[in-house]
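Proteins come first, then strands; the chains are lettered A, B, ... in the order of their sequence lines, and each starts at number 1.
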Number of protein chains: 2
Amino acid sequence: MIILGVDPGLTRCGVGVIEAGGRRLSFVHVDVVRSDPSQSQDLRLLKIWRGLSEKIDHFAPDVVSIEQVFAQHNVNTVLGTAQVAGLAMTAAAQRSIPVAVHTPSEVKLAVTGNGTAQKIQVERMVARILHLNKLPQPPDAADALAQAICHALHPAGELQGGERDQHLTAAQRQWAVAVQKSRNTSSKMRGRGM
Amino acid sequence: MIILGVDPGLTRCGVGVIEAGGRRLSFVHVDVVRSDPSQSQDLRLLKIWRGLSEKIDHFAPDVVSIEQVFAQHNVNTVLGTAQVAGLAMTAAAQRSIPVAVHTPSEVKLAVTGNGTAQKIQVERMVARILHLNKLPQPPDAADALAQAICHALHPAGELQGGERDQHLTAAQRQWAVAVQKSRNTSSKMRGRGM
């Protein structure tokens, strides 16, 4: 199964592609789709739209996994980030490719075992899991690979309530409880920002 | 000149089209592109993307004018609204059609003379300006027509600083000062929400 992970951003949008055969994960591709901050918003979005569409067409993933954007997170950039996430969803849906969404905490938890891990810890674990000889390049695309890894290890992350629990092994249920806990923490953090 | 106004929304996205010959404005079309709230986000965005793309292809506007989305405005729906605004921008840019953005206050000010006008006042003025025999239907698409009217009357609204001032008549400069005042008020309101 080919998983294309997206770390949405208007200036730099990370794209990471892995192949998952059971628990065995292999690195396929990592890159950043960029737009020029001096251009107008519509031209920047078009640039990202075209870049994401090309990546999806080239790698023909079985699923596109996108980092969840929160309304209260980094108010200066959140609208552009949300718009890029929306473009990634639309580009996938246009090709009838399923879309998954995982929160940053879920991704960190899945990759490092710690939902509040530092960026460098995530990068190191991404390199270890994918058997890379060095940290993934460019460094800020590691989050897109981490997003894809998270989906490979815990595809049920985006399913809701009872529907999810029916399909989980004991270990996956344990993980789901930890995710739920980290989501509750995020909600509280968002609550404080309102 | 054909102007296509967009009132972005994920459940209901207003589209209003007018023809502007100088100060003479004529009604062309008004509609709402809908998505089903019970569907997943990616399928909803795809539905809106296709609906907006069809409208733009059909009416071939000279400009697409979109309501400005603010990060602090209605936190429950802002991400979906921003994503739809992003799709409208991308669809326009894909066809090399210029994009304009006007704030709700600018639109109310341009249409009614009052930047804090009520919805019904905006609807009545839209009907009067476009010589409609009744209020625009569906009612919540009136904002899309108002957006298009705002752009027709004050196309310089989205230009910045000195670039704008060079092109303004005395009356437009007066209007620009009022817009700036309403923008500052909006900023303060956003500041309170943080």
Atom pairs and distances, donor-acceptor, side-chain atoms in residues 127-137 of chain B, under 3.5 Å, two or more places apart:
unit_1, atom_1, unit_2, atom_2, d
B:His131, NE2, B:Arg24, NH1, 3.4

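Note on A:Leu79, A:Leu87, A:Val64, A:Thr81: by heavy-atom pairs under 4.5 Å with chain B, the leading option is A:Leu79.
Cluster annotation: A:Ile48 and A:Ile66 are assigned to the same hydrophobic cluster (Ile/Leu/Val/Met/Phe/Trp/Tyr, side-chain heavy-atom contacts under 4.5 Å, transitive). Connection of B:Met89 to B:Val33 is established within a shared hydrophobic cluster, with ILVMFWY side chains joined at heavy-atom distances below 4.5 Å, either directly or through further cluster members. Hydrophobic cluster membership differs between B:Leu45 and B:Val78, with clusters built from Ile, Leu, Val, Met, Phe, Trp and Tyr side chains linked at under 4.5 angstrom.
Of the atoms belonging to A:Ala88, not a single heavy atom falls under 4.5 Å from chain B. Neither the backbone nor the side chain of B:Arg44 comes within less than 4.5 Å of any heavy atom of chain A.
Just one residue in the list A:Leu46, A:Leu43, A:Asp42 forms a side-chain contact (heavy atoms from CB on, under 4.5 Å) with B:Thr90, and that residue is A:Leu46.
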